[in-house]
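A short write-up of the structure that comes next.
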Amino acid sequence: MVTLTEIPEGWPADEAGALAVQDELRGRVVLDEPGPPPGTGLVTGVDVAYDDERDVVAAAAVVLDAATLEVVAESTAVGRVAFPYVPGLLAFREIPTVLAALDALSTGPGLVVCDGYGLAHPRRFGLASHLGVLTGLPVIGVAKNPFTFAYEQPGTERGAASPLVAGPGEEVGRALRTQAGIKPVFVSVGHRVSLDNACAHVLSLTPRYRLPESTRRADALCREALRTALRPVQHPVA
DNA sequence: GCGACAG
DNA sequence: ATCTTGTCGC
């Protein structure tokens, strides 16, 4: 069964409204907790896929055992796209549907890993921070691109890292090499996790591929959920 | 001033 | 994000 997630009442209708929300929520981010220890407990990947033509977004949450990387639980949700794509306002596009997917899980999510950024954001309040503040969960962001931020190329070996900086002396995240000789990923803190711990989690989630297993699983699942949701219902014929 | 810019 | 065939490699 597929239910269409509602866009919450009071959801910002334009850029000015969204900026005001970020401004208000930014102060609630918690940055002084280390977060759950890497390699233990549960880790949940979240991701979304879009059909902009039909204004539909599908979200998936996949819970992994952090020690074995085996799937413990998963869920999906489908909704209307809640906001246009504006760099810096990505969270407003996907958060309602992501929250619905997290709510549908049969277990607590543990640490949440999302696509995109937390602190590494024009106003230091990216998707991972936003999701963290709304749920109270520990959240980190893992992005495939450095956005507008600068970094020095980390060493070529797996585990090598270098600061992702917004300006002289302001570290907003880390470029982390998860596979030897492969383009790094860009890790930033969302809520209630330290940057060191966030990077340790990401390394523990990348035994084989560039991107965390959590995101890879969530990516595959939300694409499938989108295909299913867009497939026209089959009426039985007599 | 203009364009680019996580997904 | 998404549009998209074949192809090189383990």
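We name chains A, B, ... by the order of the sequence lines, and we start the count at 1 in each one. Everything numeric here is computed off the predicted structure, so don't read it as measured data.
- Residue Y85(A) and nucleotide dG7(B) are classified as a stacked aromatic pair, their ring centres being separated by less than 5.5 Å at an interplanar angle below 30°.
- If you check dC5(B), dT2(C), dA6(B) against the side chain of R223(A), the one that comes closest is dT2(C).
- Residue contacts for L89(A): at a heavy-atom cut-off of 4.0 Å it reaches a base atom on one of the strands shown.
- Taking the side chain as every heavy atom from C-beta outward, L64(A) and L42(A) never approach each other to under 4.5 Å.
- Ion pairing between a basic and an acidic side chain is recognised when a charged N comes within 4.0 Å of a carboxylate O; R216(A) and E213(A) show such pairing.
- Using a 4.0 Å heavy-atom cutoff across all strands shown, G88(A) reaches at least one base atom of the nucleic acid.
- The CG-P distance, from L164(A) to dC5(B), rounds to 16 Å in whole Å.
- Taking a cutoff of 4.0 Å between a charged side-chain nitrogen and a carboxylate oxygen, R223(A) and D47(A) do not qualify as a salt bridge.
- Atom pair Y117(A):OH and dA1(C):C1' shows a separation of 15 Å (rounding to whole Å applied).
- Here N145(A) reaches the OP1 or OP2 of dG7(B): one of its side-chain N or O atoms lies under 4.0 Å away.
- In this structure, F149(A) atom CZ and dC5(B) atom P are separated by 14 Å, rounded to whole Å.
- Classified by interplanar angle (parallel below 30°, tilted 30° to 60°, perpendicular above 60°), the ring pair F83(A)/F92(A) is tilted.
- Between R227(A) atom CZ and dT2(C) atom P the separation is 11 Å, expressed in whole Å.
- For T148(A), the side-chain atoms get nearest to dC5(B) when compared with the rest of dA6(B), dA1(C), dC5(B).
- Between the CG atom of D115(A) and the P atom of dG7(B) there is a distance of 6 Å, given to the nearest Å.
- Note on A49(A): only backbone sugar-phosphate atoms sit closer than 4.0 angstrom, heavy atoms only; bases stay farther off.
- By the 30° and 60° cut-offs, the orientation of the rings of F186(A) relative to Y151(A) is perpendicular.
- The CD-P distance, from Q22(A) to dA6(B), rounds to 15 Å in whole Å.
- The phosphate of dA6(B) (OP1 or OP2) has no side-chain N or O of K144(A) nearer than 4.0 angstrom.
- Look at CG on L119(A): it is 18 Å from P on dA6(B), rounded to the nearest Å.
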